[in-house]
Chemist: 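Submitted below is the structure of interest, expressed as structure tokens.
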Amino acid sequence: MKFGVIVFPGSNCDHDAWYAASHNFGQEARFIWHDEHALGDVDVVILPGGFSYGDYLRCGAIARFSPVMAAVRKFAADGGLVAGICNGFQILVESGLLPGALMRNAGLKFVCAPVRIAAATTNSPFTNACEAGRPLTIPVAHGEGCYYADERTLDELEAEDRIAFRYIDNPNGSLRDIAGILNAGRNVMGMMPHPERATEPLVGSTGGRVIFESLIGALTLAR
Amino acid sequence: MKARVYVSLKSTVLDAQGKTIRSALSGLGYRSVADVRQGKYFEISIEPGVSPEQARREVDTLAQDVLTNPVIETCRVEFDD
């Protein structure tokens, strides 16, 4: 499988995502600079964590207009798999590829800690190897991760089984404990926790591995 | 010509920062403050020679499309001639 990791000015988890895919899962992975107009022959795109464009204006608000996002939008529209992690999730909601918004944490503090989350659905390329409800310990590191959407959108997400992950210990006040969601086509997923930082015992947790295993499994099946 | 853009959270959206500011103010003894909502303010200078109509059109569009996230915010635009 070929992983493409988008690099915006201010991305800081791009190497973590690249390292997880290439070293811990033996996949081909390459960086894609934000100025590029084409993604090349990648199978999955990761929008990594960080502070794209300094988080100026709003988190993800400027990144949404970078040239590479037009290519990501087209890739997603053609059914390509796109995963946004942390700042990547913020970029996906700002771009309108996922519904809702990510607001300042309810406690106002930047939260950098391992949290427990659980897959809320196994019906997606990002969660098919998960066991619904089984706790996964994965770190979060964000100041603006409080998921917000109006009631109608939240009801719709639940009715369509589009909540990918829920917090067991909600660290930021996210509505309905939402940690990650899917688009209607189930090929775009955004989540605030960092699975790429939890893929080997050395860094304290392997809770994120099952998400990469899901992706690789889904792509293998698709071939 | 200048434009002023005020972006504020929708009234239905919880403003955690505004609430914290309000409780700090009441802790300081400001008894007249019932509530605080925090927002953003942008001052935009228009290039000389641009017609007021074009400037208004562009600022209205950019305020809606870029400066505001319509999921959680609303905006108001004013012009100084």
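Heavy atoms only: backbone and side chains are in, while hydrogens, waters and symmetry mates are out. Reminder, nothing fancy here: chain letters follow the sequence lines and each chain counts from 1.
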Chemist: Which residues in residues 78-106 of chain A have any heavy atom lying under 4.5 Å from a heavy atom of chain B?
Modeler: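 Residues A:E94, A:G100, A:A101, A:M103, A:R104, A:N105, A:A106 are the ones that qualify, each having a heavy atom under 4.5 Å from chain B.
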Chemist: Please name the pair of heavy atoms, one in B:L67 and one in A:R58, separated by the smallest distance, quoted to 0.1 Å.
Modeler: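 Residues B:L67 and A:R58, closest heavy atoms: O-NH1, 2.9 Å.
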Chemist: Please determine whether the number of non-hydrogen atoms from other residues, nucleotides or ligands lying under 6.0 Å from atom NZ of B:K10 exceeds 12.
Modeler: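 Yes - once you tally the heavy atoms of other residues, nucleotides and ligands closer than 6.0 Å, there are more than 12.
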Chemist: Given that the side chain runs from C-beta out, which part of B:V7 has a heavy atom under 4.5 Å from chain A: side chain, backbone, both or neither?
Modeler: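 No part of it gets close to chain A.
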Chemist: Heavy-atom cut-off 4.5 Å, strictly under: side chain, backbone, both or neither for A:L57 against chain B?
Modeler: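 Looking at A:L57, backbone and side chain both touch chain B.
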Chemist: So which bits of residues 13-41 of chain B come within less than 4.5 Å of chain A, counting non-hydrogen atoms only?
Modeler: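 The list, in residue order, reads B:V13, B:L14, B:A16, B:Q17, B:T20, B:K40.
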Chemist: Are there residues of residues 63-71 of chain A that reach to under 4.5 Å of chain B by heavy atoms, and which ones?
Modeler: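 Checking residues 63-71 of chain A against chain B gives A:R64, A:F65.
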Chemist: Quick check for you: among B:N69, B:T12, B:V66, which has the greatest number of heavy-atom pairs under 4.5 Å with chain A?
Modeler: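 Answer, by heavy-atom pair count under 4.5 Å with chain A: B:N69.
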Chemist: At under 4.5 Å between heavy atoms, what parts of residues 147-163 of chain A are in contact with chain B? List them by residue number.
Modeler: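 Expected list: A:Y148.
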Chemist: Is it the case that more than 12 heavy atoms not belonging to B:E47 sit under 6.0 Å from its CD atom?
Modeler: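 Atom CD in B:E47 is not crowded, with 12 or fewer foreign heavy atoms closer than 6.0 Å.
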Chemist: Within a reach of under 6.0 Å around CZ of A:F110, are more than 12 heavy atoms found that belong to other residues, nucleotides or ligands?
Modeler: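 For A:F110, atom CZ is crowded (more than 12 foreign heavy atoms under 6.0 Å).
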